[in-house]
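Take a look at the structure below.
Just so we're on the same page: letters track the sequence lines, and every chain starts at 1. Because the structure is a prediction, the values reported are computed rather than measured.
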There are 2 protein chains.
Amino acid sequence: MSEGTAVRNTRQRSAVSALLAEMEGFHSAQDLHAMLRERGERVGLTTVYRTLQGLADAGEIDVMRPPGGEHLYRRCSEGHHHHLVCRACGRTVEVAGPAVETWADRVAAQHGYTDVSHTLEIFGTCPTCTP
Amino acid sequence: MSEGTAVRNTRQRSAVSALLAEMEGFHSAQDLHAMLRERGERVGLTTVYRTLQGLADAGEIDVMRPPGGEHLYRRCSEGHHHHLVCRACGRTVEVAGPAVETWADRVAAQHGYTDVSHTLEIFGTCPTCTP
DNA sequence: GCGACAACGACAATGATTGTCAAAAACGCA
DNA sequence: TGCGTTTTTGACAATCATTGTCGTTGTCGC
Ligand SMILES: [Zn+2]
Ligand SMILES: [Zn+2]
Ligand SMILES: [Zn+2]
Ligand SMILES: [Zn+2]
């Protein structure tokens with residue numbers, strides 16, 4: 001259905017990608033844009049948004065949408081996984097739960113739902129943020 | 001800690017609450033506001049928003065935040081549960097997964113996270129929406 | 001009934017995200 | 001290396017759900 005779209009290498013795309021590569025934890029588009037500016041990289045905010053969207057669509061980065069906040073982006077490891085996030089500092093651990101995956105699919109199937117996907121996020125206070 | 005806050009009974013609060021009671025599925029604040037107007041109820045949009053927030057904070061209704069859409073509200077059954085939602089028509093089934101709950105808590109504890117909570121949503125296409 | 005104070009609501013403000021579109025940059029090819 | 005085509009960029013405007021404002025109204029304990 002779609003093939004002809006040629007993705008071009010640009011300075012801006014590389015800059016965003018490189019920044020994400022060395023970044024720990026989740027960051028918003030505005031955050032990343034500010035960091036790029038501090039580094040002297042000249043990248044427009046609109047471009048940052050679009051690049052992040054593209055990377056997310058391509059499955060190269062993960063998106064998290066905290067209640068009442070901006071979208072947060074992070075470069076993650078390959079494959080399907082979920083996140084255990086510290087509410088205070090944002091420290092994130094990737095967690096895998098094969099049992100959960102099969103449970104979700106089974107539950108959906110039992111109710112006749114097809115084309116199933118899911119979202120799962122665990123929030124807590126990490127050791128260093130626990131007083 | 002907090003007690004002095006007296007909640008008052010108002011026509012508007014009753015109207016919103018009553019509407020939610022007879023409503024199936026999730027609906028946005030703007031939706032509910034429009035329905036109230038059609039019924040002849042005179043309720044301000046701001047009030048609808050704040051009433052829904054109040055009910056959600058009190059745990060009387062559930063909130064869902066679909067990707068790129070408005071917040072959706074629904075009167076749900078008591079107790080902790082999750083939702084299996086049809087992407088096409090919004091038909092929603094409440095599902096309980098005790099195993100998932102304990103798994104989430106255990107994973108968080110293993111990493112030293114405390115004060116743990118989680119979000120879980122399953123999406124799919126319901127039987128009637130499957131061609 | 002009174003009065004304190006919560007609740008209301010029309011309206012303005014916010015703020016993240018998206019749309020626009022002319023100008024700049026990539027890239028295939030010569 | 002130069003050229004034409006096509007994508008990408010980015011400053012700016014627009015969108016739009018949600019929140020803030022603040023004078024008015026309605027509740028409710030007394
Ligand atoms: Zn922490
Ligand atoms: Zn999963
Ligand atoms: Zn359906
Ligand atoms: Zn749960």
Taking N or O atoms only and anything under 3.5 Å, show me the protein contacts with nucleotides 25-29 of chain C, one pair per line.
residue, atom, partner, partner atom, Å
C/dA26, N3, A/Arg8, NH1, 3.0
C/dC27, OP1, A/Asn9, N, 3.1

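Linking Ile, Leu, Val, Met, Phe, Trp and Tyr residues whenever their side-chain heavy atoms come within less than 4.5 Å leaves A/Tyr49 and A/Val43 in two separate clusters. Note: the hydrophobic cluster containing A/Val116 does not contain B/Val85 (ILVMFWY, side chain heavy atoms under 4.5 Å, direct or indirect links). Transitive grouping of hydrophobic side chains (ILVMFWY, heavy atoms separated by less than 4.5 Å) keeps A/Met35 and A/Leu45 in distinct clusters.
Mapping B/Arg13 and B/Thr46 onto DNA chain C via the closest heavy atom, the residue that lands nearer the 5' end is B/Arg13.
Distance from the side chain of B/Tyr49 is smallest to D/dT18 among D/dT18, C/dT17, D/dT21.
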Exercise for the section: Could you go through the salt bridge (charged side-chain N to carboxylate O under 4.0 Å, His left out) check for B/Arg39 and B/Glu22 one step at a time? Expected result: CA-CA 13 Å; B/Arg39 291 184 172 206; B/Glu22 61 191 83; 2.6 Å; yes

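For A/Arg50 and C/dT18, the CZ to P distance is 10 Å, given to the nearest whole Å. Taking atom CZ of residue B/Arg65 and atom P of nucleotide C/dA16, one finds them 16 Å apart after rounding to whole Å. Distance CD (B/Glu70) to P (D/dT19): 13 Å, rounded to an integer number of Å.
Here A/His118 and A/His82 bring their ring centres to under 6.0 angstrom of each other.
Checking the phosphate oxygens (OP1, OP2) of D/dA17, no side-chain nitrogen or oxygen of B/His71 falls inside 4.0 Å. Side-chain nitrogen and oxygen atoms of A/Thr47 include at least one within less than 4.0 Å of the OP1 or OP2 phosphate oxygen of D/dG10.
Dense packing is recorded around CZ of A/Arg11, with more than 12 heavy atoms of other residues, nucleotides or ligands lying under 6.0 Å away.
For the pair A/Arg74 and A/Phe26, the distance from NZ or CZ to the six-membered ring centre is under 6.0 Å and the angle to the ring normal is within 45 degrees.
Within residues 19-45 of chain A, the residues approaching DNA chain C are A/Gln30, by heavy-atom distance under 4.0 Å.
In this structure, A/Arg87 pairs ionically with B/Asp115, as a charged nitrogen and a carboxylate oxygen lie closer than 4.0 Å.
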